[in-house]
Every structure is written in structure tokens, then in C-alpha cells.
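See structure below.
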Amino acid sequence: MKQIKVLAIIVTFLFIGQQAEAQKIFGTRNGRITFESPTDGDVKAVNNEVTSRIADNGQLTFSLLMKGFKFKLAEMQEHFNDQYAESTKFPRADFKGTIANLKEVNFSKDGSYKVSVKGDLTMHGVTKNVTVNGILEIKGGKPAARGSFVINLKDFKIDASSVTEKVDVEVSCQYQ
Amino acid sequence: MKTLLQRSLAILCLTCTTLFSDAQQVDLFKLQDSASAAEDKNKSERTLNTFYSTRLVTTQTVEITGKGSMDFRINHRFSPLNQGFYNLFGLDFVAARIGFDFGLSDNLMVGIGRTGTNKEGDAFLKYRVLRQQTGEKNVPVSISLLGALAYRGIRYADPTLNVKTKDRMYYTAQVMIARKFNENTSLQVSPTYTRYNRKLFLTGGSQDLFSIGFLARQKVSKKVSINAEYFVQTQRFDGTYNPLSIGVDIQTGGHVFQLHFTNSIGMNEHTFIHETFGSWGKGDIRWGFNISRIFNIGRKKK
């Protein structure tokens with residue numbers, strides 16, 4: 001009998017747990033991040049396998065494999081991984097941020113919201129605080145994010161000065 | 001017994017509560033870390049850049065020219081250093097091979113080349129059958145196969161030699177087995193078979209020759225490596241030596257400069273391995289360099 005009582009308690013707790021879980025989380029495994037050198041248009045790569053999650057508490061995360069960046073030229077891709085990003089040593093790039101102006105975003109109402117995301121970008125073993133301005137679009141209850149920012153490669157101890165000093169990064173994710 | 005069951009249920013109960021109170025506020029930052037770690041555990045990673053280039057000095061490496069790329073290669077070998085100042089230590093005379101390599105797919109390449117010495121044309125096909133990788137699927141070595149042929153075009157003055165077209169052909173088959181031990185050190189072993197259809201002005205040896213090549217690369221910085229290659233022949237033509245080359249690779253963007261010292265003048269497989277008449281011991285050492293420039297000739301994506 002006692003066992004049944006205890007089981008009943010567990011079930012109750014389960015219920016309470018689910019009731020309390022109001023947080024909404026959206027994610028994708030094929031977000032898109034591209035980068036391009038502002039000085040040399042041939043230096044351009046795209047990664048279509050970015051894992052990203054966003055929660056209505058304002059948290060936003062991105063993670064990708066450096067080797068997932070595809071270049072037009074196979075040799076360029078090898079140089080990128082071998083010489084600059086050192087992808088074997090530092091396989092991942094990772095971003096953890098929060099929406100600074102969360103109050104202006106309503107996740108349950110369709111619309112286009114301007115957002116400013118502040119957080120830590122880790123790449124090539126270096127973590128740096130960055131701010132990304134972008135647009136969060138809610139459509140049918142599902143968010144999509146777009147944004148762009150500039151990376152100064154020196155900040156991440158990547159010495160590619162013979163190729164380019166900076167890259168323009170563009171982010172585009174449709175969440176489910 | 002009953003109390004034990006009760007206790008364990010109570011603990012379970014507590015765990016559930018804590019679990020779900022956590023679930024109320026999932027920390028995406030922690031979630032990302034654990035998800036990435038789990039993903040990294042299950043992935044296999046291909047080893048890149050076992051060698052900088054498709055040749056170490058003269059010998060083919062396991063590397064394949066990228067798909068859609070053309071590699072324009074110019075190789076130079078000067079005369080031996082021991083010729084003294086009159087020939088500026090060999091720099092007055094130079095032998096050259098000009099070649100074009102093409103990457104057909106991720107694992108297949110072809111190349112053609114022309115060497116002035118003996119007016120030889122050569123062509124080869126190289127296919128990567130296995131690529132070193134680590135992770136969930138572990139492959140310890142990369143393996144590529146090479147098939148090469150050369151045609152000796154030089155005119156023989158003596159008509160009694162009666163040299164036919166087939167007498168001018170040379171064939172080489174090679175298996176390349178390489179391992180990148182760490183970021184800096186790579187080694188390769190290359191068992192090789194070479195066929196001479198006819199021995200012209202060569203004595204000893206055999207028309208069917210076997211050899212094993214040993215290749216080593218040691219990176220000294222991100223863009224510079226020191227290389228060495230050596231072939232051991234089971235049978236040698238009279239007066240020939242085993243080829244030994246020691247060199248430096250300097251990588252700059254789309255170019256690779258390869259500077260080296262070698263006792264051989266040949267720049268295609270059969271001449272380089274089996275027709276090396278210079279000896280390191282006697283100072284028949286040549287300075288040489290290769291330049292490789294890669295062009296993108298594949299169609300643009302999108």
C-alpha cells in the first residue's frame with residue numbers, strides 16, 4: 001500500500017514539474033554561418049551545420065566545427081584548417097550569449113524584433129566578449145535569427161595577416 | 001526489506017523533484033557544453049596535411065591535389081656541387097621538369113610532365129584508397145596507389161640499336177602508406193615496382209626492379225618543414241646509387257617552395273629511383289628546387 005502512496009507522490013511531483021516548466025526552447029542543427037574577407041572576395045566560406053539554441057529567457061547559443069567551413073578551393077580550406085584556425089587543436093567555435101533587450105521581444109507574438117546579443121565567443125582557444133546586432137523574427141511561434149558582426153582575427157590570436165586582417169561574419173538560423 | 005524499498009523510493013522521489021526543478025530553467029550554456037562534448041565523442045576526424053604537397057622532394061606522397069585544382073609544378077636540379085667554381089658549383093647547368101597535375105575528385109588525381117634530360121614525357125594516376133582518421137572510426141594510416149609511365153623520346157644515333165617504341169616505355173607501380181604521428185611528424189613507406197622494357201646503355205640490375213622508399217617530414221614552424229627521402233633498391237644498375245634527398249618546404253599561401261640537396265637528377269619515378277649515378281660520399285650532391293602553384297580551374301559553385 002505504502003508503495004502505491006509513494007508512487008502517487010512521484011506522479012504528483014512529475015505533474016508539478018511539467019506544470020512549472022514554462023520555459024520555451026528552440027533549436028536547430030543546420031544553422032548557417034558564413035564569413036568573408038572584406039578585402040579579398042575569394043576568401044569566403046560557409047558552414048551549414050551550426051548547432052544553435054534559443055530560449056525565451058534570452059539565452060542564445062551557437063556551436064560549430066571549424067572543419068565544417070566549406071571553401072570554394074580545396075587548398076584554401078586545407079590552409080584555413082591547418083595554418084590559421086588550427087582546427088585539429090581547436091575543433092570548435094562556440095558562442096554563449098543573452099539578448100540584452102529581452103523585454104522588447106515577445107516570443108509568443110509574431111513579428112520582427114531588433115535584438116542586441118551580448119556574449120562570449122570562443123574560437124582558436126581564445127574567449128572574447130562580443131556584441132551582435134541582429135533581427136529576431138517570430139513566425140508561427142517559431143523564431144528565426146539573423147545577424148552580422150566583424151571579427152578581428154588578431155583578437156583570437158589567428159595570424160592570417162598575409163590573407164586578411166578581418167572577416168565579416170553572417171549568421172542565419174531558423175529554429176524549430 | 002520494506003524500509004529499504006521505502007527509502008530508495010523516497011530518494012528517487014527527491015531526485016525527481018530536483019531534476020524537474022532544474023528543468024524549469026534549463027541553462028542553455030550548460031546544455032551546449034554537454035551536447036558538444038557528446039557530439040565530439042562520436043565523430044571521426046580525417047587527418048589533414050600529412051604532407052604539405054603531393055611530392056616530398058621528388059617522391060609522390062599520399063596527398064592528392066584538391067578537386068578542381070590544377071597544380072603547376074616546375075622542378076629544377078642543378079649540376080653537382082663538386083664541379084667547383086668553374087661551373088659555379090653546379091649552378092651553370094640545370095635540368096628541369098615542367099608538369100601539370102589535376103585533382104579530379106577528392107581521392108583521384110592525374111598528372112603529366114616533361115623532362116629535358118633524355119626528352120622524357122611522363123604521366124601518372126594517383127588514387128587514395130584510405131585516409132587516416134581518428135575518433136569513433138579509427139584508421140591509423142593513409143594509403144594511396146600510384147601508376148606511372150614514362151616515354152623516353154631521345155633520338156638514338158646508332159641505327160643498329162633498333163630501338164622500338166615499346167623499348168622507350170617505363171612503368172612504375174607504387175603503394176604509399178603514410179602516417180601523421182602528430183602535428184609535426186609524418187612518415188611514409190613506399191614499396192615500388194618498376195619495369196624497364198629494355199635496358200639501353202645500362203648493365204647489371206634487371207628489367208624488373210623492386211625498391212622501398214622511406215619518407216619523413218618534420219615541421220619546424222607552421223610554414224616550414226624539413227624533409228628527407230631515401231630509396232633502397234633490391235637490384236641496382238651498375239654505377240648507380242640509392243637516391244637520398246634532404247630538403248626544406250616553405251609554404252606561402254597558394255605556393256609551396258621546396259629547396260633540397262639530392263644525389264639524383266631524375267625527376268620522374270624510374271630515373272630518380274634507378275638512374276642515380278651520383279654519390280653523396282663523393283660529393284655528387286645537387287642543389288634543386290621545386291615550385292608548386294595551385295590554380296582553381298573547377299567550375300564555381302552556385
Side-chain angles (χ1 to χ4, degrees), chain A residues 2-3 5-7 9-23 25 27 29 42 46 51-55 57-65 67 70-79 81-84 86-89 91-92 94-98 119-120 159 162-163, chain B residues 2-3 5-6 8-10 12-33 35-37 39-40 43 45-49 52 63-69 71 103 106 134 180 182-183 222-223 251-254 256 294-296 298-302:
Chain A
K2 264 191 179 165
Q3 289 159 29
K5 261 189 204 167
V6 176
L7 264 176
I9 293 167
I10 295 173
V11 173
T12 323
F13 267 112
L14 277 175
F15 239 85
I16 294 166
Q18 292 212 325
Q19 290 286 314
E21 195 196 16
Q23 185 193 19
I25 298 174
R29 298 181 62 84
D42 280 342
V46 56
T51 300
S52 177
R53 292 183 189 89
I54 187 168
N57 68 356
Q59 283 188 318
L60 181 60
T61 63
F62 292 91
S63 181
L64 61 83
L65 289 170
K67 284 190 183 172
K70 304 293 176 210
F71 288 71
K72 195 172 65 186
L73 197 60
E75 264 74 22
M76 209 182 263
Q77 193 168 322
E78 289 211 354
H79 287 167
N81 286 309
D82 191 55
Q83 307 271 319
Y84 305 123
E86 297 181 87
S87 306
T88 309
K89 218 161 138 194
R92 271 186 191 279
D94 172 292
F95 176 81
K96 292 174 181 136
T98 42
D120 289 330
D159 178 20
S162 59
V163 185
Chain B
K2 227 179 184 181
T3 44
L5 191 73
Q6 263 176 294
S8 51
L9 273 172
L12 186 72
C13 210
L14 270 173
T15 341
C16 274
T17 346
T18 40
L19 262 181
F20 278 105
S21 54
D22 264 0
Q24 286 169 34
Q25 279 298 316
V26 173
D27 186 346
L28 280 198
F29 298 169
K30 282 180 188 159
L31 180 67
Q32 162 136 309
D33 285 340
S36 297
E39 215 178 286
D40 288 346
K43 76 173 192 299
E45 192 164 300
R46 289 166 149 196
T47 304
L48 295 175
N49 294 76
Y52 274 147
E63 298 292 338
I64 302 287
T65 301
K67 183 183 178 185
S69 294
D71 184 4
D106 288 341
T134 50
K180 186 177 187 175
N182 54 49
E183 258 324 289
K222 257 199 229 174
K223 295 182 175 181
Q251 169 143 337
T252 57
V256 182
I294 290 168
F295 297 91
N296 181 26
R299 270 174 299 158
K300 288 188 179 178
K301 279 174 194 166
K302 282 193 276 187

Mind checking whether [X] and [Y] have side chains closer than 4.5 Å, heavy atoms only?
X         : Y         : value
Glu86(A)  : Glu183(B) : no
Lys222(B) : Asp82(A)  : no
Leu28(B)  : Thr61(A)  : yes
Asn296(B) : Met76(A)  : no

Quiz item: Rounded to the nearest 0.5 Å, how far does CZ of Arg46(B) lie from CG of Asn81(A)?
Solution: 12.0 Å

Quiz item: In Å, rounded to the nearest 0.5 Å, how long is the span from OH of Tyr52(B) to CD of Glu78(A)?
Solution: 12.0 Å

Quiz item: Of all heavy-atom pairs between Val26(B) and Asn57(A), which one has the smallest distance, and what is that distance?
Solution: O-ND2, 4.2 Å

Exercise. Identify the two heavy atoms, one from Phe29(B) and one from Leu60(A), that lie closest to each other, and give their separation to 0.1 Å.
Key: CE2-O, 4.1 Å

Quiz prompt | Contacting region of Asp40(B) [heavy-atom separation from chain A under 4.5 Å] | solution = both

Self-check item: Engaged part of Thr65(B) at the chain A interface, taking heavy atoms whose separation is under 4.5 Å
Solution: both

Self-check item: chain A contacts, top residue of Thr47(B), Asp106(B), Asp71(B), Asp33(B) (heavy-atom pairs, under 4.5 Å)
Solution: Asp33(B)

Engaged part of [X] at the chain B interface, taking heavy atoms whose separation is under 4.5 Å:
X         : value
Arg53(A)  : both
Leu65(A)  : side chain
Ser162(A) : side chain

Quiz item: Excluding sequence neighbours, so at least two apart, what forms side-chain hydrogen bond (donor to acceptor under 3.5 Å, both in side chains) with Asp94(A)?
Solution: Gln32(B)

Exercise. May I ask you to name which of Gln77(A), Lys89(A), Lys96(A) has the most heavy-atom pairs under 4.5 Å with chain B?
Key: Lys96(A)

Quiz prompt | Salt-bridge criterion met for Glu45(B) and Lys67(A) (N-O under 4.0 Å) | solution = yes

